[in-house]
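Scroll down for the structure; my scribbles are underneath it.
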Amino acid sequence: MIGVEKPDFQTILEEIERETQAEFGKGKVADYIPALARVSPRKFGMAICGVDGGEWVCGDAKEAFSIQSISKVFTLLLALDRLGSGLWKRVGREPSGSAFNSLVLLEAENGYPRNPFINAGALVVTDCIASHSVAPIRRLLTLIRKLSLNQTIVIDEEVALSEEQHGFKNAAIANFLKSHGNLNADVGVVLNTYFRQCAINMSCLDLARACLPFANKGVMPSSGEVVFPAIRARRVNSLLLTCGLYDGVGNFAFRVGIPAKSGVGGGIVGVVPGHLSVCVWSPELDELGNSLVGTAALELLTNKTSLSVF
Ligand code: GLN
């Protein structure tokens, strides 16, 4: 863990921004959602929030981007609020070892998704909140705005529509879940809610702030408010560590070594329990759909600070 001296995060972030320059051009911006392909591949931002209240940013850290699968962390919180451990009757807690949108395991395992972060599991989680609330997106935005201390966070409806028009695989997964009795709400309602949650726009600073309670036993350091129980922070962190980057999770643990969640918008949010939350954004993805430069940046961060949990 951190040595006697607290790292100089501002200098470290600026070093990381310089040192990752050589990584650009090696990945590819997500284009299976056409509206996402319009983002500049050269964007780079990073934000760190400490449990002691410190905040550090660099580059495009205050520019909002499409959070995509990072939204699954927040819907999981809402579903756990509703169902508690009953959620695990409908979704597992094991890494999938396959792509985020794969149907293969779902078929073999009778519609019981491996974990809440692959698309199949996330659709079940979204179903849990959509079938218990008349306005699930409003509830989700209320939670996110509160956690990130930013009331201006909104959905990019163009991105949501674009995914709705091209989300054939997600539609297949949702129908498959429904056929196995693992979706209660209407398939169209679940998909629409899912596409809209993925199309929420947030900045690195918003996301680092929103995930800080995971580093702080469920407490928001800014207000001292307990936003979820400490045990939930521990449980969600364990799922982030084992399932947060799909079939890239082992390599990410090896290289970076912190619980984290990626999204195809190029964001990765990470948690160092007891210390800090961090978010990086760089839209070029590796072949598994995780930010290529973002992973390199987080690897530099944990190497420079010994902040890996291992
Ligand atoms: N909306 C995206 C999808 O369902 C989210 C995937 C991701 O960010 N990994 O394909």
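Keep in mind that what you see is a predicted model, and the values were worked out from it rather than measured. Atoms within a ligand are numbered from 1 in the order they appear, just like the ligands themselves.
For CD of E107, the number of neighbouring non-hydrogen atoms (other residues, nucleotides, ligands) closer than 6.0 Å is 12 at most.
Of the protein's heavy atoms, Y32 OH, 2.5 Å lies nearest to atom 10 (O) of ligand 1. The protein heavy atom nearest to atom 9 (N) of ligand 1 is S69 OG, 2.9 Å.
The distance from ligand 1 to the heavy atoms of N170 drops below 4.0 Å at these ligand atoms: 3 (C), 4 (O), 10 (O). The distance from ligand 1 to the heavy atoms of G263 drops below 4.0 Å at these ligand atoms: 8 (O). For ligand 1 and Q68, the ligand atoms under 4.0 Å from any heavy atom of the residue are 1 (N), 2 (C), 5 (C), 8 (O). Which parts of ligand 1 touch Y246 is read off a 4.0 Å heavy-atom cut-off, strictly below it: atoms 7 (C), 9 (N). Close contacts of ligand 1 with C198, meaning ligand atoms under 4.0 Å from a residue heavy atom, involve 1 (N).
Judged by distance alone, with hydrogens and angles left aside, the side-chain atoms of S69 form no donor-acceptor pair with the main-chain N or O of G263 at under 3.5 Å. Counting only distance, with no hydrogens or angles, the side chain of N182 and the backbone of G111 share a donor-acceptor pair below 3.5 Å. In terms of modelled atom types and a separation under 3.5 Å, the side chain of N115 and the main chain of E94 share a donor-acceptor contact. A donor-acceptor pair under 3.5 Å is absent between the side-chain atoms of K261 and the main chain of I70, judged by distance alone.
When heavy-atom distances to ligand 1 are checked against a 4.0 Å cut-off, V264 comes that close through both its backbone and its side chain. Under 4.0 angstrom from ligand 1, there are no non-hydrogen atoms of F195.
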Using salt bridge (Lys or Arg N to Asp or Glu O under 4.0 Å), reason through R114 and E109 one step at a time and then give a plain yes or no.
CA-CA 9 Å; R114 278 283 173 106; E109 296 175 1; 2.8 Å; yes
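When the options K169, K72, E163 are ranked by their closest heavy atom to atom 3 (C) of ligand 1, first place goes to E163.
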List the atom pairs, donor and acceptor, that lie under 3.5 Å between side-chain atoms in residues 39-46 and the rest of the protein, sequence neighbours left out.
from : atom 1 : to  : atom 2 : distance (Å)
S40  : OG     : R42 : N      : 3.2
R42  : NH2    : Q21 : OE1    : 3.1
K43  : NZ     : E63 : OE1    : 3.0
K43  : NZ     : E63 : OE2    : 3.2

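Every pair passing salt bridge (Lys or Arg N to Asp or Glu O under 4.0 Å) that includes a residue from residues 116-145 is listed here, sequence neighbours excluded: R90-D127.
Using a non-hydrogen distance threshold of 4.0 Å, N101 does not register as a contact of ligand 1. A heavy-atom separation below 4.0 Å is found between Y194 and ligand 1.
The ring of F214 has its center closer than 6.0 angstrom to the ring center of F228.
For ligand 1, the polar-atom distance check against S262 finds no nitrogen or oxygen pair separated by under 3.5 Å.
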